[in-house]
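To start, the structure under review is shown below, and the notes come after it.
Per chain, numbering begins at 1; letters A, B, ... match sequence-line order.
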2 protein chains.
Amino acid sequence: MSSDRSSAGDPARTLALLWRDPSAVPRRGPRRTLDLDAVVEAATALADAEGLPALTMRRVAERLGVAPMSLYTYVPGKAELLDLMLDAAYAAMPRQDTTGRPWRERVAAVAEENRRLHLAHPWAATVSTLRPPLGPGQAAKYEHELAAFDGCGLDDVEVDDCLTWVLGFVRACARDAADAEAARADGGTDEQWWASAGPLLARVLDPAAHPRATRIGAAAGAAHGSAHDPAHAYRFGLDRVLDGLAALIERP
Amino acid sequence: MSSDRSSAGDPARTLALLWRDPSAVPRRGPRRTLDLDAVVEAATALADAEGLPALTMRRVAERLGVAPMSLYTYVPGKAELLDLMLDAAYAAMPRQDTTGRPWRERVAAVAEENRRLHLAHPWAATVSTLRPPLGPGQAAKYEHELAAFDGCGLDDVEVDDCLTWVLGFVRACARDAADAEAARADGGTDEQWWASAGPLLARVLDPAAHPRATRIGAAAGAAHGSAHDPAHAYRFGLDRVLDGLAALIERP
DNA sequence: TGCCCGTTCGTACGTTGTACGAAGTACGCC
DNA sequence: GGCGTACTTCGTACAACGTACGAACGGGCA
């Protein structure tokens with residue numbers, strides 16, 4: 001469904017897991033055959049390789065050589081597992097030090113880091129981050145990305161607004177790219193789809209009533225291979241995003 | 001789930017349904033108790049009222065007083081039903097005539113129309129439109145929105161790029177707003193969540209290691225009621241989007 | 001030593017989209 | 001006018017999902 005959500009259940013339990021609170025690992029009982037990191041890594045590897053729909057508690061368990069229900073001693077549920085996966089992915093992001101460089105380069109570097117994150121973990125774009133995983137990875141990421149706006153002359157609220165806006169753009173591009181990948185996985189290429197749908201559309205769509213749509217649609221389709229080229233949309237959009245920030249930052 | 005996708009199955013059949021091809025309604029057999037529009041309307045009403053996860057073939061059938069499997073004589077499957085819902089929603093959008101007004105007003109009007117669409121149909125933001133429903137609603141919408149860039153001095157490909165970028169922004173905001181609504185539906189308010197998670201976070205997060213995160217996070221949280229205010233993000237972002245376009249359109 | 005908390009996992013339930021086939025209906029040809 | 005057949009309706013069924021429940025067992029602490 002809608003998209004998978006995270007951050008359900010008890011926030012205290014989730015935070016203890018995210019920060020690997022030592023008091024959260026039990027002292028009594030039989031020795032555990034796994035640990036939390038193994039579960040998170042297996043789930044991430046599965047989602048990376050086959051996408052979020054393939055991320056099943058049963059299949060994660062299978063990868064670990066364990067019965068499905070055993071996972072629930074490590075993780076309260078699937079939503080929390082997604083939180084842990086996301087925070088681990090954030091923690092693993094390389095963070096380029098751009099101190100002293102012009103703001104435009106610094107913000108572009110942040111965008112690029114996030115684009116790479118979503119290339120490595122396409123599922124990450126489709127998990128709702130409205131309630132972000134409040135773990136060490138998210139904290140380090142947020143701190144690092146805020147620093148890109150140091151010395152821009154913006155107040156604190158504006159910096160947060162700008163960062164949210166930039167990340168939202170990258171995320172939106174990544175979602176489209178992930179959708180394109182998913183469509184390719186089970187249904188043929190975008191090109192194939194347009195090749196079969198295009199001529200059919202031409203028979204029903206009246207060019208006189210839709211002059212711009214036919215002309216511009218054809219031009220856009222010819223410019224990039226198919227109807228929507230996520231990579232081109234990112235390159236084009238990022239320039240507009242930076243220009244939009246410039247109007248705020250370099251105001252007279 | 002990943003997000004629900006649309007446009008699976010035979011494109012020819014889907015296009016015939018979208019354009020209400022008369023040759024697609026059968027001539028023989030018993031009289032049908034419903035028609036396609038009734039199915040689409042019932043599904044839309046259900047999704048509007050209870051969200052996309054509640055949109056079940058069984059529940060749509062229930063609303064229509066029909067057995068679940070009967071729906072499959074009107075619609076090949078759920079994916080095609082989503083296409084039909086989306087195109088119908090597009091067709092029903094009011095389209096403001098802004099001919100002759102400055103481009104900034106015209107593009108802002110397009111953004112506002114799309115914001116209203118997503119307010120009326122929050123589920124629309126979470127359906128992938130990578131392969132858009134190629135129906136009359138989408139065609140009219142695309143034609144109308146392209147017209148907002150008339151006389152801007154952009155070439156055809158640039159116009160399509162700009163429109164895609166603007167609509168992507170509105171969609172991303174709408175997705176966040178829909179996520180917020182979904183979270184409110186089953187799990188308490190955002191404010192409640194932050195009220196319980198915030199103090200816990202303060203105990204584990206080191207302010208010395210994360211000076212900007214703690215300061216700016218607190219400032220942003222105080223400025224709007226919770227961590228993320230979708231309405232504010234839209235207002236702030238739209239101004240940046242228009243500024244970003246201005247740099248391209250009003251270049252010297 | 002014995003208690004009891006913890007782990008592991010088999011079974012089971014409710015939910016989803018939809019394939020299949022039986023039963024009944026009405027158009028179009030003769 | 002009668003009949004074949006294309007069509008609708010819908011009951012049943014299946015495989016997949018997340019996960020609740022409880023039995024069986026293991027090991028740190030009193």
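Distance CZ/Arg203(B) to CG/Leu15(A): 9.5 Å, rounded to 0.5 Å.
Look at CZ on Arg28(B): it is 9 Å from C1' on dG4(D), rounded to the nearest Å. When rounded to the nearest whole Å, the span between CG of Leu34(A) and P of dG6(C) equals 18 Å. Nucleotide dT8(C) holds its P atom 11 Å from the CG atom of Leu64(A), rounded to whole Å. One atom, NZ of Lys78(A), and another, C1' of dC17(D), lie 8 Å apart when rounded to the nearest Å. Atom OH in Tyr72(B) sits roughly 6 Å away from atom P in dG17(C) (whole-Å rounding). Rounded to whole angstrom, the span from the CG atom of Asp35(A) across to the C1' atom of dT7(C) amounts to 15 Å. Leu81(B) has its CG atom 15 Å from the C1' atom of dT16(C), to the nearest Å. As a whole-Å value, the separation of Glu62(B) CD from dT15(C) P is 12 Å.
Using a 30° and 60° split on the angle between ring planes, Phe169(A) and Tyr234(A) fall in the parallel class, below 30°.
Sequence order on DNA chain D of the closest nucleotides to Val66(B) and Arg27(A) puts Val66(B) first from the 5' end. Mapping Gly29(A) and Ala54(B) onto DNA chain C by nearest heavy atom places Gly29(A) closer to the 5' end of the strand. Both Met69(A) and Met57(B) sit near DNA chain C, but only Met69(A) has its closest nucleotide nearer the 5' end.
An OP1 or OP2 oxygen of dT7(C) is reached within less than 4.0 angstrom by a side-chain nitrogen or oxygen of Arg32(A). In terms of phosphate contacts, Arg31(B) brings no side-chain nitrogen or oxygen within less than 4.0 Å of OP1 or OP2 of dT25(C). When the side-chain nitrogen and oxygen atoms of Tyr74(A) are compared with OP1 and OP2 of dT8(C), one or more of them lie within a distance under 4.0 Å. One finds no side-chain N or O of Ser70(B) lying less than 4.0 angstrom from the OP1 or OP2 phosphate oxygen of dT8(D). In this structure, Thr73(A) does not reach the dG6(C) phosphate: none of its side-chain N or O atoms is under 4.0 Å from OP1 or OP2. When the side-chain nitrogen and oxygen atoms of Thr56(B) are compared with OP1 and OP2 of dT16(C), one or more of them lie within a distance under 4.0 Å. Contact between the side-chain N/O atoms of Thr33(B) and the OP1/OP2 oxygens of dT9(D) is found at a separation under 4.0 Å.
At the heavy-atom level, Leu71(B) lies nowhere under 4.0 Å from the strands shown. When heavy atoms are screened at a 4.0 angstrom cut-off, Leu55(B) is found touching the sugar-phosphate backbone but no base atom.
The overall bend of the helix from dT1(C)-dA30(D) to dC30(C)-dG1(D), read as the angle between its terminal helix axes built from five base pairs each, is 10° when rounded to 10 degrees.
Counting only heavy atoms from C-beta on, Pro30(B) has its side chain closest to dT8(D) among dG26(D), dT8(D), dG10(C).
Applying the 6.0 Å contact sphere to CZ of Arg95(A) captures more than 12 heavy atoms from other residues, nucleotides or ligands.
Evaluation of atom-type donor-acceptor distances gives a pair under 3.5 Å for the side chain of Arg58(A) against the base of dG18(D).
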**Request:** Show the numbers, then the answer: is there a side chain to side chain donor-acceptor pair (under 3.5 Å) between Tyr142(B) and Asp160(B)?
**Result:** CA-CA 10 Å; Tyr142(B) 186 46; Asp160(B) 185 70; 2.7 Å; yes
**Intermediate values then yes/no, salt bridge (charged side-chain N to carboxylate O under 4.0 Å, His left out), Arg115(B) and Glu112(B)** = CA-CA 5 Å; Arg115(B) 194 184 69 92; Glu112(B) 181 64 19; 3.1 Å; yes
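The salt bridge (charged side-chain N to carboxylate O under 4.0 Å, His left out) pairs that include a residue from residues 52-77 of chain B are Glu50(B)-Arg59(B), where partners are two or more places apart or lie in different chains. The side-chain hydrogen bond (donor to acceptor under 3.5 Å, both in side chains) contacts involving residues 34-49 of chain A comprise Arg20(A)-Asp37(A), Asp48(A)-His121(A), Asp48(A)-Trp123(A), where partners must be two or more places apart or lie in separate chains.
For the side-chain contact (heavy atoms from CB on, under 4.5 Å) with Val39(B), the qualifying choice from Val66(B), Leu84(B), Leu64(B) is Leu64(B), the only one to do so.
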